[in-house]
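A quick note: this is a predicted structure, and the numbers were derived from the prediction, not measured. Throughout, residue positions are numbered sequentially from 1 according to the sequence presented.
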Amino acid sequence: MTIAISSRSPEREEAGALPGFAPLRAPLPLGQGSDDIALFLDFDGTLVEIADHPEDVIVPTGLPKLLLALNEKLEGRLALVSGRALKTLDRLLDGVDVAMAGSHGGEFRPAGTNKTQALAAPLPQPICRALQDFAQEQGGLVFEAKPFSAAIHYRDRPALGDTIYAFATALAADNGLIVKHGKMVVELTMPGSDKGHAVTRFMQQAPFLGSRPLFLGDDVTDEDAFAALAPFGGSGILVGPPRETCATWRLEDVGAVHRWLEDAI
């Protein structure tokens, strides 16, 4: 199988410019018998378009079926690694049985089981309340609580981004937390709750053990995962416009991701 993706241009990198991405036709064997490939997928901005409110996201009707087909082709070496809570992914994807990590890696669940493993401690309730109260004080911003993190979305109030980030940064510094600043969202997580830790955990156990990982993601919160691929000989695939990134390749948008995945089966 050959698909159209893009690779970084060394010439632009050497010039110190924003990394460019030159056209490349790259055969990536995602079919039966390609036992050296593992595929990790972000959710929002990669498999589905980002919505103004997290609950308003539209999941393509064929996505669960596509994920199951890919998982079969890869003999189980497919995992979703998302900032969403696992219970939310289960609801949005009709309980599709593939490996998943949620809450930016805080929740970890191999395929074939409903038992969730914790890779981080739960976010303390006082922190959640402080973020929620702050969101309300700023005019009722969207607050999202997860088992191992909590987020404030400000897509409808972009001018408040710096204010929210400053508040979250101070709260994190006082409580030993991690701040993640994504696309119109600021999130606080527990140490150890990141996508890189989740990818590493998957790669240390069957059926991922010994495979070569590819991670598709669109946001800066996916950079932890991109960076974690190197020890396993893997590569990151950035979804969206070119930017500074640890990824090696790029797909233009969510539609391009779906075409790329569909071509693989």
Side-chain angles (χ1 to χ4, degrees), residues 8 19 28 36-47 50 74 76-86 88-89 98-111 116-123 144 146-151 165 168-169 172-173 175-183 185-240 242-251 257:
R8 283 189 289 185
L28 293 176
D36 65 330
I37 297 293
L39 189 60
F40 296 93
L41 303 170
D42 173 44
F43 186 70
D44 293 278
T46 298
L47 292 176
I50 295 174
L74 289 165
R77 297 183 308 279
L78 172 77
L80 300 186
V81 182
S82 171
R84 296 267 191 169
L86 288 184
T88 303
L89 290 176
V98 299
M100 294 184 186
S103 300
H104 293 288
E107 301 175 279
F108 181 88
R109 189 177 70 203
T116 298
Q117 305 170 25
L119 300 189
L123 193 71
E144 183 182 12
K146 309 172 192 179
F148 299 91
S149 63
Y165 183 68
T169 299
N175 294 276
L177 305 174
I178 306 298
V179 182
K180 297 184 183 297
H181 196 179
K183 292 180 177 178
V185 59
V186 175
E187 190 158 358
L188 288 180
T189 70
M190 297 295 289
S193 181
D194 66 64
K195 295 182 179 183
H197 278 83
V199 168
T200 298
R201 175 66 69 90
F202 278 122
M203 291 300 297
Q204 291 172 339
Q205 58 187 250
F208 298 90
L209 189 66
S211 63
R212 179 165 59 93
L214 303 174
F215 189 104
L216 276 72
D218 70 302
D219 209 344
V220 293
T221 56
D222 297 307
E223 291 297 325
D224 292 325
F226 293 155
L229 302 175
F232 306 101
S235 302
I237 301 174
L238 177 67
V239 180
R243 60 169 172 78
E244 295 290 347
T245 179
C246 292
T248 303
W249 298 328
R250 186 174 73 90
L251 288 168
V257 171

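Val220 has its side chain out of reach of His181: every pair of non-hydrogen atoms, C-beta onward, lies at least 4.5 Å apart. When side chains are defined from C-beta on, Met190 does not count as touching Pro122, because their heavy atoms never get closer than 4.5 Å. When side chains are defined from C-beta on, His104 does not count as touching Asp194, because their heavy atoms never get closer than 4.5 Å.
Counting only residues at least two apart or on different chains, the salt bridge (Lys or Arg N to Asp or Glu O under 4.0 Å) pairs with a member in residues 224-239 are Lys180-Asp224.
Taking both residues in full, the closest heavy atoms of Ala198 and Val81 are given as CB-CG1, 4.2 Å, listed atom of the first, atom of the second, then distance. Here the closest heavy-atom approach between residue Val185 and residue Ala151 is recorded as CG2-CB, 3.7 Å. Among all heavy-atom pairs drawn from Gly102 and Leu86, the shortest one is N-CD2, 3.5 Å. Here the shortest heavy-atom pairing between Pro231 and Ala228 reads CD-O, 3.3 Å. Gly236 and Leu229 get closest at one heavy-atom pair: N-CD1, 3.5 Å. The two residues Leu78 and Val98 come nearest to each other via the heavy atoms CD2-CG1, 4.1 Å.
Listed by chain and residue number, Arg77 satisfy the side chain to side chain contact (heavy atoms under 4.5 Å, CB included) test with Pro207 (two or more places apart in sequence, or in another chain). Shown here are the ring-ring contact (aromatic ring centres under 6.0 Å, His included) partners of Phe202, two or more places apart in sequence or in another chain: Phe40, Phe108, Phe208. Take Phe226 and apply the ring-ring contact (aromatic ring centres under 6.0 Å, His included) test, not counting sequence neighbours, and it matches Phe215. Partners of Asp218 according to the side chain to side chain contact (heavy atoms under 4.5 Å, CB included) rule, which considers only residues two or more places apart in sequence or in another chain, are Asp42, Thr46, Ile50, Lys183, Asp222, Val239. With sequence neighbours left out, Ala111 forms a side chain to side chain contact (heavy atoms under 4.5 Å, CB included) with Asp97, Ala99.
Summarising the geometry, atom CZ belonging to Arg250 is positioned 12.0 Å from atom CD1 belonging to Ile237; distances are rounded to the nearest 0.5 Å. Here Glu107 contributes atom CD and Ser82 contributes atom OG; the two are 10.0 Å apart, rounded to the nearest 0.5 Å. Taking CE of Met203 as the reference point, atom CG of Leu209 lies at 7.5 Å (rounded to 0.5 Å). Leu238 CG to Asp219 CG: the interatomic distance, rounded to the nearest 0.5 Å, is 9.5 Å. Atom CZ of Arg243 is separated from atom CD of Glu223 by 4.5 Å, given to the nearest 0.5 angstrom. Between Leu74 atom CG and Ile37 atom CD1 the span is 8.0 Å, to the nearest 0.5 Å.
In this structure, the side chain of Lys146 engages the main chain of Gly83 through a donor-acceptor pair within 3.5 Å.
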